Structures are given as structure tokens and as C-alpha cells.
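Comments concern the structure below.
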Amino acid sequence: MEHAVKLDGIVTGFNVTEDCIDCICGKNIVKIDKGSREIICQKPVFEKEGLSRKLTADDEQIFVYDFCTLYVLSQKDYELIGKWQLGNDLSSDICGMAVDSDTIYCSIRNGKIITIDRQSHLVNTFTVAESSMWSMKTYDSYLVSGTVDGMALLLDKLTLSIEKSLVLGKKNIGSLHIDGETLYAAGHDGKLFKISMKNFAIESSIKNVHKKMFHCAGMYKDMLVTVSYPCSEIALWNKDTLEKIRGIDTPLKLSGHTHIEGDFMYISSRNISGIDIVRLNE
């Protein structure tokens, strides 16, 4: 691996744009120029160090959740747009997040989803499931979520009511990836599912994808890329048949974040100071 961003600490979340990389490191959010790999903006946002913060972004804003608190910042200069405390303790912390052009969706432990309107900042709370949801994706007028008790749920965005549900197992569906009309879902029991979004039905599945928990990192050409941080493994799978194409052994630790761009995968993990690059074409 080679360094894409070299920093003095662990990056818990990042976003890659055409020109820059925005990342969380320690108490700061840092903007790196992709060409020069130099820091061009840095701002302290958090009061103390933390390893559980997650980041997502669009063209205008950056969204970060940290335990029970949601932060929304300007993509350009990290100006704080809004800050909400959505819970109080481990029974009400934020487990996952998804964003569309109108709404921020935060899953709260034990089956609730809190929505924040991006214009009015109106906050609404919905009771959705009986267990927590660590993974959420938007799909047209729907929200797709995976639950800790092994369900995949198709939710109406407006009402957050369950339109359809699938039983995928008994363990956490901790990672989702949508590619066109196909949903890929990773279970903590080592299973990988390919699901049709047209009828929300399982098309195929395979077992023993990795020996420990793994994530669906995204697509590379006609392959799905999975990453198991505890196993220090990256694997590429035929996106149609789920046949394993090859594996890449890479030193990783516990958890991290990825972004695929061209032949490269940007990756952060607990053993990396900054962000590294994995070449997927080698």
C-alpha cells in the first residue's frame, strides 16, 4: 500500500471528491488536496479524541455522528451549520446514517429512526424495528436498512413504515451496498446476499465470505469488493454469480472506511496513520 494522506492519527471517516479528501482525525476535520496531498484546511470540531465517529457527505455538506450527537458542516470551509443531540446514553446513541437531498436519517439504538429536514431543521422520531440498524442506504423513495437481528427492511421515506422485509439470518446485517437494481448485504455470520430491488427478494447468497465480520466496500468493474478489517482481507467477487475472483491480503485492524475510485481503493483502519491506497488492478 501507499499513502494517500499521511496524518498523525487514525482516520475514522472520510469523503473523496474530485479535488480533495475530507477526513476526521482526532478532534479535527481535515481537508487534503488530492494532487499535492497537502493539508489545505483544518478545523477542530470535537471536544475530545474519539474512534467511533462516522462521516458522510454530499456536494455541499458534511455529516458526522459521534455517539449521540449529529454535526452538519459546510463542505467548503467546515463552518458549523447545525448540531443536534439526538440521544443521551448507550440506549439512545446513533448507530447509522443516510442522507438524501431533503433529509438526514439517523438510526437510533433499539429500532428508532430520527429524521432532520435539511432546510427547516425540523426533527421527527419514528419507531421502526425491534432492533438496532447499523446500516442504511437510500433508494428512490425508499430507505433500506439492515438490522442487528438479521433483517433487511424496505422503508417508505415519508412515513418510515416497513413496506417489505427479508429474513437474512440471526446476526447483524452490518453493511449494505446498492448497485443499480441490486442490493448486496453483509451479515456478521459470514454470509453475503444478492437482493433484487425490483421485488425485494433474495437472488443468491454465499457463506463463509470472511471468517470474521466484513463490509461491502463497493464496485470495481464487474466485481463487488468486500473488506474484513479483523481478518486483514480484501476480496473481489463476480457481482452476478458471487464467485470469488481473488483476494488481497493487507494489514488492517478492527474497523475502517473505504472509497473506490478508478483502479484505487482509499482505505483507513485502526493501524493506519491517515489514509492508504490499495491498487485493485494488481
Side-chain angles (χ1 to χ4, degrees), residues 1-46 50-51 53-66 70-83 97-105 118-119 136-138 175 177-180 215-221 223-225 227 229 234 236 248 250 252 255-282:
M1 289 194 297
E2 62 182 272
H3 288 303
V5 175
K6 191 166 179 61
L7 296 170
D8 293 330
I10 297 166
V11 169
T12 60
F14 63 88
N15 177 64
V16 181
T17 67
E18 183 178 354
D19 301 313
C20 302
I21 302 173
D22 301 290
C23 54
I24 307 170
C25 185
K27 301 177 183 179
N28 301 323
I29 294 188
V30 184
K31 189 181 292 290
I32 310 292
D33 183 273
K34 281 173 69 176
S36 67
R37 302 190 179 182
E38 298 292 326
I39 295 173
I40 54 177
C41 182
Q42 184 169 201
K43 183 172 287 189
V45 174
F46 313 104
L51 294 175
R53 296 171 184 134
K54 305 298 181 187
L55 176 152
T56 190
D58 62 14
D59 292 338
E60 296 181 356
Q61 296 178 343
I62 292 172
F63 313 87
V64 179
Y65 69 86
D66 177 22
L70 171 70
Y71 300 80
V72 180
L73 306 115
S74 165
Q75 171 77 260
K76 182 179 179 180
D77 56 10
Y78 301 155
E79 177 186 357
L80 184 65
I81 295 169
K83 178 180 176 181
M97 177 171 57
V99 176
D100 63 21
S101 58
D102 300 312
T103 308
I104 308 165
Y105 306 88
R118 293 182 60 177
Q119 297 300 320
M136 293 199 302
K137 297 291 181 182
T138 59
S175 177
H177 179 75
I178 296 177
D179 177 50
H215 297 267
C216 298
M219 309 307 295
Y220 173 61
K221 297 183 178 178
M223 294 172 281
L224 172 72
V225 182
V227 179
Y229 294 93
I234 299 166
L236 289 82
I248 303 172
T250 259
L252 301 168
S255 63
H257 187 72
T258 57
H259 172 81
I260 297 172
E261 187 175 277
D263 291 327
F264 304 115
M265 182 167 70
Y266 295 86
I267 189 165
S268 65
S269 187
R270 295 285 182 94
N271 63 316
I272 298 171
S273 294
I275 302 170
D276 282 354
I277 289 177
V278 175
R279 295 180 180 270
L280 298 173
N281 59 342
E282 293 182 351

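All residue numbers refer to positions in the sequence shown, counting from 1. Quick caveat, the model's predicted, so the values are computed rather than measured.
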Is there a side-chain contact between Val30 and Val5 (heavy atoms, below 4.5 Å)? no
Where do Phe14 and Cys23 come nearest, in terms of heavy atoms and distance? CB-CB, 3.6 Å
Of all the heavy-atom pairs spanning Thr12 and Gly50, show the shortest one and how long it is. CG2-O, 3.9 Å
Other residues, nucleotides, ligands: >12 heavy atoms within 6.0 Å of Glu2 CD: yes
Set of side chain to side chain donor-acceptor pair (under 3.5 Å) partners for Glu282, sequence neighbours left out: none
How long is the gap from OG on Ser101 to CD on Glu60, to the nearest 0.5 Å? 10.0 Å
Quick check on side chain to side chain contact (heavy atoms under 4.5 Å, CB included): which of Asp22, Val45, Ile81 does Leu73 satisfy it with? Val45
Side chain Ser273, main chain Gly9, donor-acceptor under 3.5 Å: no
Carboxylate-amine/guanidinium proximity below 4.0 Å for Lys34 and Glu261: yes
Identify the two heavy atoms, one from Gln75 and one from Asp59, that lie closest to each other, and give their separation to 0.1 Å. CG-O, 3.7 Å
Would one find more than 12 heavy atoms of other residues, nucleotides or ligands at under 6.0 Å from atom NZ of Lys43? yes
So, the side chain of Glu38 versus the backbone of Asp33: is there a donor-acceptor pair under 3.5 Å, distance only? no
Applying ring-ring contact (aromatic ring centres under 6.0 Å, His included), can you list everything that pairs with Phe63, at least two apart in sequence or on another chain? none
Verdict with supporting geometry, Tyr266 and Ile277, side-chain contact (heavy atoms from CB on, under 4.5 Å): CA-CA 5 Å; Tyr266 295 86; Ile277 289 177; 4.1 Å; yes
Expected output: side-chain Thr17 to main-chain Cys20 donor-acceptor under 3.5 Å: yes
Identify, with sequence neighbours excluded, every residue that meets side chain to side chain donor-acceptor pair (under 3.5 Å) alongside Asp77. Ser74
Tyr78 side chain vs Ile62 backbone, donor-acceptor pair below 3.5 Å: no
Spell out, as yes or no, whether a donor-acceptor pair under 3.5 Å connects the side chain of Arg53 to the backbone of Val11. no
Using modelled atom types and a 3.5 Å cut-off, is there a donor and acceptor pairing between side-chain atoms of Ser175 and backbone atoms of Cys216? yes
Can you find a pair of side-chain heavy atoms, one from Tyr65 and one from Ile104, that are under 4.5 Å apart? no
What orientation do Phe46 and Tyr71 show, parallel under 30°, tilted 30 to 60°, or perpendicular over 60°? perpendicular
Nearest non-hydrogen partners of Ile178 and Thr138, listed with the distance: CD1-O, 3.8 Å
Any donor-acceptor pair under 3.5 Å linking the side-chain atoms of Tyr220 with those of Asn281? no
If I take atom CD1 from residue Ile32 and atom CD1 from residue Ile275, how far apart are they, to the nearest 0.5 angstrom? 7.5 Å
Determine the minimum heavy-atom distance between Ile260 and Met219, stating which atoms define it. CG2-O, 3.5 Å
Are any of the side-chain nitrogens in Asp102 or Arg118 under 4.0 Å away from the carboxylate oxygens of its partner? no
Which atom names give the shortest non-hydrogen contact between Ala217 and Thr258, and what distance separates them? CB-OG1, 3.4 Å
